[in-house]
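Computation of the quantities below employed the complete heavy-atom set of this structure, encompassing side-chain atoms and omitting hydrogens, waters and symmetry-equivalent molecules.
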Amino acid sequence: MAQTKAQTEPSMEEILASIRRIIAEDGDEKASEPRAADTGDEEVLELTEVVEEEPPPPAPAEEPPPA
């Protein structure tokens with residue numbers, strides 16, 4: 001039985017439906033996985049020390065151009 005090329009290849013609609021199904025399945029799996037912030041394994045850094053920056057040094061005065 002010889003099948004034509006059109007019968008063996010999926011249609012564009014079938015390809016798109018397959019992609020949508022895979023994306024939906026991946027979305028379901030990712031939604032059930034805990035996020036890194038939700039695991040409690042991460043160390044929380046408390047920023048309590050105030051660090052004051054020193055002001056930048058004044059720009060050097062420009063010398064007048066030679067006359």
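Distance CD/Glu9 to CD/Glu14: 11.0 Å, rounded to 0.5 Å.
Every side-chain contact (heavy atoms from CB on, under 4.5 Å) that Thr48 has, sequence neighbours left out, goes to Glu46. Residues forming a side-chain contact (heavy atoms from CB on, under 4.5 Å) with Ile19 (at least two apart in sequence, or on another chain): Ile15, Ile23.
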